[in-house]
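See structure below.
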Amino acid sequence: PGIYNITLNTETNFGCTNSVTHTLEVYNNPVADFTTANICQAFPASFDDNSTSLSGNISNRNWDLGDGTVLNLGSGVTFTHPYTTENTYAIQLIVTTQYGCDDTLVKPLVIHPMPLVNFAFDTACFGYPTSFFDLSTVSAGAVTGWNWNFNGTPVSGNATPQFTFSIPGLNGVTLVA
C-alpha cells in the first residue's frame with residue numbers, strides 16, 4: 001500500500017524517445033471477518049460482520065450461507081438466517097471496498113439436530129406413583145436433559161421420574177428433552 005510513481009520510457013527505431021509518468025495509489029485489502037455460533041436446528045443463526053478496511057469503505061458484503069442462499073448486503077452487517085436441516089455448512093463472506101479490493105473468509109457453522117421427544121408411562125392409579133419413561137431420540141449426540149411438567153408441577157433432570165397425581169381424572173404431562 002502507498003503512492004507510487006510509474007514511468008514508461010519508449011524509444012522508436014529512429015532513436016526518438018519519450019516518457020510518461022503516472023501516480024498510482026495502491027490500496028490496502030479489506031479484512032473479511034464475521035462471528036456466528038453453532039445452533040440447534042429450527043433456530044435462526046445470527047451473523048455479525050466484523051470486517052474492516054484501512055482504505056475506503058466496504059461497499060459490498062457477499063454472503064454464501066452454505067444452503068443455497070446467497071445475499072449481497074451493501075451495509076447490513078448483522079442478520080439472522082434459519083436452517084431447517086442438521087449439517088455443517090461452509091459460510092463464506094467476500095467483502096469488497098469502493099476501490100474493488102476484496103477479501104474472502106470461510107468458516108464452518110454446525111446445525112445440531114433437534115431431539116424427537118417421546119415418552120411412555122405405566123398405568124396410573126390415583127394415590128400411587130406413576131412411572132414415566134423417556135423414549136426421546138436424537139440423530140447425532142445424546143439426550144442429556146429432561147424437563148417434565150406434571151399438571152403445572154415442574155420436575156427436571158430425570159429420564160425416568162415417578163409422580164403421584166393429587167387429582168383423579170385426566171392430567172397433563174409435558175416433556176421437554
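Predicted model, so just to flag it, every value in this text is computed and none were measured.
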- If you link ILVMFWY side chains whenever their heavy atoms are less than 4.5 Å apart, which other residues fall into the same cluster as L24? By chain and number, please. Y4, I6, V26

- Item | Residues that, via side-chain heavy atoms closer than 4.5 angstrom, fall in one hydrophobic cluster with V106 | none

Would a distance-only check, ignoring hydrogens and angles, find a side-chain to backbone donor-acceptor pair under 3.5 Å from [X] to [Y]?
X	Y	answer
T130	Q162	no
T12	C16	yes
E25	I3	no
T17	T10	no
Q98	N57	yes

Do you reckon [X] sits in the same ILVMFWY cluster as [Y], going by side-chain contacts under 4.5 Å, direct or chained?
X	Y	value
L71	F47	yes
L93	V31	no
I111	F43	yes

Show me the side-chain donor-acceptor pairs of residues 165-177 shorter than 3.5 Å, one per line, residues at least two apart or across chains.
from: N171; atom 1: OD1; to: N151; atom 2: ND2; distance (Å): 2.4
from: N171; atom 1: ND2; to: I167; atom 2: O; distance (Å): 3.1
from: N171; atom 1: ND2; to: G169; atom 2: O; distance (Å): 2.9

- Which atom pair, heavy atoms only, marks the closest approach of T88 to P108? CG2-CB, 4.1 Å

- Looking only at heavy atoms, what is the nearest atom pair of A45 and L109, with distance? CB-CD2, 3.9 Å

Suppose we screen for ring-ring contact (aromatic ring centres under 6.0 Å, His included). Which residues come up paired with [X], at least two apart in sequence or across chains?
X	answer
Y128	none
Y99	Y27
Y83	H81, Y89
F121	F132

Determine whether [X] and [Y] make a side-chain contact, defined as any pair of heavy atoms from C-beta on separated by less than 4.5 Å.
X	Y	answer
F79	L73	yes
N60	N72	yes
D49	W63	yes
R61	V77	yes
I91	L65	yes
N118	L116	no
V155	F150	yes

- Message: Heavy-atom count check: over 12 atoms from other residues, nucleotides or ligands less than 6.0 Å from F133 CZ?
- Response: yes

Can you measure from [atom1] ([X]) to [atom2] ([Y]) and round to the nearest 0.5 angstrom?
X	Y	atom1	atom2	value
I58	S51	CD1	OG	5.0 Å
C101	N29	SG	CG	5.0 Å
N147	N158	CG	CG	11.5 Å
I94	T104	CD1	OG1	4.0 Å
Q41	H112	CD	NE2	11.0 Å

- Item | Option from T52, L54, T96, V95 for which side-chain contact (heavy atoms from CB on, under 4.5 Å) with P30 holds | V95

- Task: Could you check W148 against F163 for ring-ring contact (aromatic ring centres under 6.0 Å, His included), going step by step and ending with a plain yes or no?
- Result: CA-CA 10 Å; W148 296 87; F163 189 81; over 10 Å; no

Give every donor-acceptor pair under 3.5 Å between a side-chain atom in residues 33-40 and any protein atom, sequence neighbours left out.
from: T36; atom 1: OG1; to: S46; atom 2: O; distance (Å): 2.8
from: N38; atom 1: OD1; to: V110; atom 2: N; distance (Å): 2.9

With sequence neighbours excluded, residues passing side chain to side chain donor-acceptor pair (under 3.5 Å) with [X]:
X	value
T21	T7
N28	S55
T23	N5
W146	D134

- Query: Can you find a side-chain donor-acceptor pair between N87 and T85 that sits under 3.5 Å?
  - Reply: no

